[in-house]
**Q** 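Would you mind keeping the following structure in view while I ask a few things?
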Amino acid sequence: MALTGRTALLAALGSLPVGILAPSWTGMLAVNAPLSLAILCDYALAAPVRTLRFTRSGDTSVRLGERADVQLTITNPSARRLSADLRDAWPPSSWVAGTEQAASRHKVAVPAGERRRITTTLRPTRRGDRHAERVTVRSYGPLGLAARQSNHSVPWTVRVLPQFASRKHLPSRLARLRELDGRTSVLIRGQGTEFDSLRDYVPGDDTRSIDWRATARRTTVAVRTWRPERDRHILVVLDTGRTSAGRVGDVPRLDAAMDAALLLTALASRAGDRVDLLAYDRRVRAQVQGRSAGELLPAMVNALAPLEPELVETDARGLSAAALKSAPRRSLIVLFTGLDAAPIEEGLLPVLPQLTQRHTVLVAAVADPHIQEMSAARGDVEAVYDAAAGTQSQAQRRRTAEQLQHHGVIVVDATPDNLAPALADAYLALKAAGKL
């Protein structure tokens with residue numbers, strides 16, 4: 001039996017001896033029998049909580065930063081009216097800090113034999129699966145002097161998906177893709193592109209595109225139009241080892257890599273290319289293969305949502321073997337990893353020839369904008385030391401990038417806000433040059 005604040009107030013006012021608050025019911029009855037009897041009657045009249053039945057419904061997924069509504073239906077099968085406080089407990093990261101109490105606590109009143117529905121609104125602050133913990137119900141008697149309390153397990157899971165903030169860059173890159181695809185007036189021919197159609201010559205067209213045989217059969221000069229090759233294979237590889245756990249700005253490196261990977265996936269699927277995903281450190285953590293264009297992006301988002309960095313050194317040989325197994329024919333392998341000198345020189349460089357022999361390899365790395373700020377710092381001795389440290393760090397990254405480029409690897413090194421559009425531009429450049 002739980003005693004309420006009203007009972008404590010009576011004790012404070014002197015109407016009830018403090019002994020009433022003792023846990024022993026015998027002691028309470030001995031101190032003040034009439035009021036103790038009232039408390040016991042109030043407790044007896046409170047609706048039972050162990051027989052309550054609960055069901056859930058509502059959202060099962062939500063993008064990071066958005067709201068999810070989860071409904072909880074309470075059924076009161078007893079013959080007494082339920083008047084209760086209810087706490088719908090979820091992990092702390094299910095809400096913005098400081099809002100948990102207001103969002104998770106509810107007052108409910110359920111007449112005998114009826115049901116009521118309440119809504120708990122979640123605003124998750126981290127990716128991954130959020131599991132409902134338990135429902136705690138405190139049922140009060142008519143006088144509010146005592147209450148029954150019990151916990152119930154009512155399972156429900158809300159998957160928090162990546163935010164995909166870089167989708168704002170998709171329209172401009174799709175416009176560029178349409179230019180490359182020959183659907184606008186800008187027509188580009190690159191090595192390895194496919195013939196699309198014939199059209200009339202207009203001033204400014206490349207004379208090398210004139211089709212003289214077609215011109216001989218027509219009264220006007222005809223030129224060939226070209227489009228990038230379709231049905232190319234792209235393998236997105238996420239290094240989920242310890243370097244991906246470092247925070248750059250306000251987000252982990254892994255989250256910034258995910259955002260760029262989603263933009264590339266959306267763009268490449270619209271271009272008619274096939275995209276697969278592989279997340280690896282010492283074993284495969286996530287994989288998406290063989291999905292159609294309509295299924296690809298949802299499958300990718302769902303696979304990335306629960307992915308977390310592992311505090312282990314990535315096995316570069318294992319990663320290379322897994323990538324080659326996932327890309328049996330010539331592909332573009334986009335590897336999201338760090339540009340730290342030691343992991344690259346000792347891990348990635350020895351296995352690069354296996355990848356570059358058959359595939360085009362692009363390494364995408366997340367740069368720290370704070371390093372750029374440090375490099376530009378001036379004014380006092382401490383700022384000069386910061387500038388020297390920042391410049392040294394940038395020089396080391398450049399040397400590492402040059403080593404990769406020497407092995408035929410394309411390197412995209414950009415800050416979290418710029419990585420996604422920079423990677424999309426690199427992909428479009430490959431398409432325009434006919435290298436993909």
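Scope of the values below: all heavy atoms of this structure, side chains included, with no hydrogens, waters or symmetry mates.
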**Q** Nearest 0.5 Å, please: how far is OH in Y280 from OG1 in T240?
**A** 9.5 Å

**Q** Apply the test side-chain contact (heavy atoms from CB on, under 4.5 Å) to residues F164 and L263: give CA-CA distance (whole Å), side-chain angles for both, the deciding distance (0.1 Å), then the verdict.
**A** CA-CA 8 Å; F164 193 15; L263 179 63; 4.2 Å; yes

**Q** Contact between L324 and L355 at the side-chain level, heavy atoms closer than 4.5 Å - yes or no?
**A** yes

**Q** Under a 4.0 Å threshold between the charged nitrogen and the carboxylate oxygen, would D88 count as salt-bridged to R56?
**A** yes

**Q** Less than 4.5 Å apart, side chain to side chain, heavy atoms only: is that true for V334 and I234?
**A**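 A side-chain contact under 4.5 Å exists here.
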
**Q** Using a strict threshold of under 4.0 Å (side-chain N to carboxylate O), is an ion pair present between E310 and R283?
**A**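 No salt bridge links R283 with E310.
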
**Q** Report the distance from atom CG of L238 to atom CG of L307, rounding to the nearest 0.5 Å.
**A** 6.5 Å

**Q** Would you find a donor on one side and an acceptor on the other, under 3.5 Å apart, between the side chain of R358 and the backbone of P328?
**A**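 Between the backbone of P328 and the side chain of R358 there is a qualifying donor-acceptor contact (under 3.5 Å).
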
**Q** Is it the case that the side chains of R399 and Q396 hold a donor-acceptor pair, with the cut-off being a distance below 3.5 Å and no angle test?
**A**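 Present: a donor and an acceptor within the cut-off.
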
**Q** Start with the C-alpha distance between E100 and R87, add both sets of side-chain angles, then the distance that settles salt bridge (Lys or Arg N to Asp or Glu O under 4.0 Å), and finish with yes or no.
**A** CA-CA 10 Å; E100 176 182 357; R87 181 173 182 261; 3.3 Å; yes

**Q** Identify the heavy atoms of A147 and Y140 that sit nearest to each other, and give their distance.
**A**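 Heavy atoms of A147 and Y140 come nearest at CB-CD2, 3.7 Å.
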
**Q** Are the side chain of R148 and the backbone N or O of Y43 linked by a donor-acceptor pair below 3.5 Å?
**A** yes

**Q** Do T136 and Q149 meet the criterion of a side-chain donor-acceptor pair at a distance under 3.5 Å?
**A** no

**Q** In Å, rounded to the nearest 0.5 Å, how long is the span from CE of M300 to CZ of R291?
**A** 10.0 Å

**Q** So does R126 have more than 12 non-hydrogen atoms from other groups sitting under 6.0 Å from CZ?
**A**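 Incorrect, the count does not exceed 12.
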
**Q** Kindly indicate whether the side chain of S150, heavy atoms from C-beta on, has any atom under 4.5 Å from the side chain of V137.
**A**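 Contact flag for S150/V137 side chains = no.
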
**Q** Considering non-hydrogen atoms only, spot the tightest contact between P142 and L45 and give its length.
**A** CD-CB, 3.6 Å

**Q** Under a 4.5 Å cut-off applied to non-hydrogen side-chain atoms, are L277 and L235 in contact?
**A**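 A side-chain contact under 4.5 Å is absent here.
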
**Q** After noting the C-alpha distance and the side-chain angles of D315 and R282, does the key distance pass the salt bridge (Lys or Arg N to Asp or Glu O under 4.0 Å) rule?
**A** CA-CA 5 Å; D315 177 10; R282 289 188 174 274; 5.1 Å; no

**Q** Among all residues two or more places apart in sequence or in another chain, which pass the ring-ring contact (aromatic ring centres under 6.0 Å, His included) test with H152?
**A** F54

**Q** Using a 4.5 Å cut-off on heavy atoms from C-beta on, say whether the side chain of P416 contacts that of P369.
**A**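 Answer yes - side chains close enough.
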
**Q** For a quick check under 3.5 Å, do R115 and N76 share a side-chain donor-acceptor pair by atom type?
**A** no

**Q** Using only heavy-atom distances, determine whether the side chains of R330 and T360 contain a donor-acceptor pair under 3.5 Å.
**A**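 Checked: R330/T360 side chains pair up, N/O donor to acceptor below 3.5 Å.
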
**Q** Side chains of S320 and Q354: does their closest heavy-atom pair fall under 4.5 Å?
**A**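 Touching, per the 4.5 Å side-chain cut-off.
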
**Q** What pairs with E114 under side-chain hydrogen bond (donor to acceptor under 3.5 Å, both in side chains), at least two apart in sequence or on another chain?
**A**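 So E114 forms a side-chain hydrogen bond (donor to acceptor under 3.5 Å, both in side chains) with R116.
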
**Q** How long is the straight-line distance from OG of S166 back to CG of N418, given to the nearest 0.5 Å?
**A**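 Answer rounded to 0.5 Å: 11.5 Å.
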
**Q** Between S326 and D276, is the side-chain hydrogen bond (donor to acceptor under 3.5 Å, both in side chains) condition met? List the steps.
**A** CA-CA 8 Å; S326 300; D276 292 336; over 6 Å; no

**Q** Is there a donor-acceptor pair closer than 3.5 Å between any side-chain N or O of R130 and the backbone N or O of T157?
**A**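 Not a single qualifying donor-acceptor pair exists.
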
**Q** Between I344 and L404, is a side-chain contact (heavy atoms from CB on, under 4.5 Å) present by the stated rule, with each step listed?
**A** CA-CA 9 Å; I344 293 294; L404 292 171; 4.0 Å; yes

**Q** For atom CD of E295, is the number of surrounding heavy atoms from other residues, nucleotides or ligands below 6.0 Å larger than 12?
**A** yes

**Q** Return the minimal non-hydrogen interatomic distance between S78 and A47, and the atom names on each side.
**A** OG-CB, 4.2 Å

**Q** Of all residues at least two apart in sequence or in a different chain, which pass the side chain to side chain contact (heavy atoms under 4.5 Å, CB included) check with Q392?
**A**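 Testing Q392 for side chain to side chain contact (heavy atoms under 4.5 Å, CB included), a comparison that skips the adjacent residues, returns none.
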
**Q** Let me confirm one number: the OH-CZ distance from Y427 to R232, rounded to the nearest 0.5 Å.
**A** 10.5 Å

**Q** Is it true that atom CZ of R50 has more than 12 heavy atoms of other residues, nucleotides or ligands lying nearer than 6.0 Å?
**A** no

**Q** I'd like to know whether R105 forms a salt bridge (Lys or Arg N to Asp or Glu O under 4.0 Å) with D85, so could you lay out the CA-CA distance, the side-chain angles of the two residues, the decisive distance to 0.1 Å, and finally the verdict.
**A** CA-CA 7 Å; R105 297 179 186 272; D85 289 336; over 6 Å; no

**Q** Restricting to non-hydrogen atoms, name the atom on L304 and the atom on P162 that form the minimum distance, rounded to 0.1 Å.
**A**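 Nearest pair, atom of L304 first, then P162: CB-CG, 4.1 Å.
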
**Q** Without swapping roles, check the side chain of T99 against the backbone of W95 for a donor-acceptor pair under 3.5 Å.
**A**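 No; judged by distance alone, with no hydrogens or angles, the pair does not exist.
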
**Q** Report the C-alpha separation of S244 and D239 in whole Å, then their side-chain angles, then the decisive distance to 0.1 Å, and conclude whether the side-chain contact (heavy atoms from CB on, under 4.5 Å) test is met.
**A** CA-CA 7 Å; S244 67; D239 176 359; 5.6 Å; no

**Q** Could you check whether any side-chain heavy atom of V237 comes within less than 4.5 Å of a side-chain heavy atom of L319, counting everything from C-beta outward?
**A** yes

**Q** Would you mind checking if E66 and R63 are paired as a salt bridge, meaning a charged N to carboxylate O distance below 4.0 Å?
**A** no

**Q** To the closest 0.5 Å, what do you measure between OG1 (T400) and CG (L348)?
**A**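 Reported to 0.5 Å precision, the distance equals 11.0 Å.
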
**Q** Can you see which heavy atom on S331 is nearest to which on H233, and at what distance?
**A** OG-ND1, 2.7 Å

**Q** Is it the case that over 12 heavy atoms from other parts of the model lie below 6.0 angstrom from the NE2 atom of H370?
**A** no

**Q** Under 3.5 Å, is there a donor-acceptor pair between the D69 and T121 side chains?
**A** yes

**Q** Within a 6.0 Å radius of atom CZ on R117, are there more than 12 heavy atoms belonging to other residues, nucleotides or ligands?
**A** no

**Q** Could you tell me whether the side chain of T119 and the main chain of V70 form a donor-acceptor pair under 3.5 Å?
**A**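 Not a single qualifying donor-acceptor pair exists.
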
**Q** Which pair of heavy atoms, one from S269 and one from A293, lies closest together, and at what distance?
**A** O-CB, 4.5 Å

**Q** So L362 and I333, do their side chains get closer than 4.5 Å, heavy atoms only?
**A**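 Result no, sub-4.5 Å side-chain heavy-atom pair not found.
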
**Q** Answer yes or no: is there an ion pair linking D413 with R398, defined by an N-O contact shorter than 4.0 Å?
**A** no

**Q** When you look at T356 and V409, which way does the side-chain contact (heavy atoms from CB on, under 4.5 Å) test go after all the steps?
**A** CA-CA 8 Å; T356 55; V409 176; 4.1 Å; yes

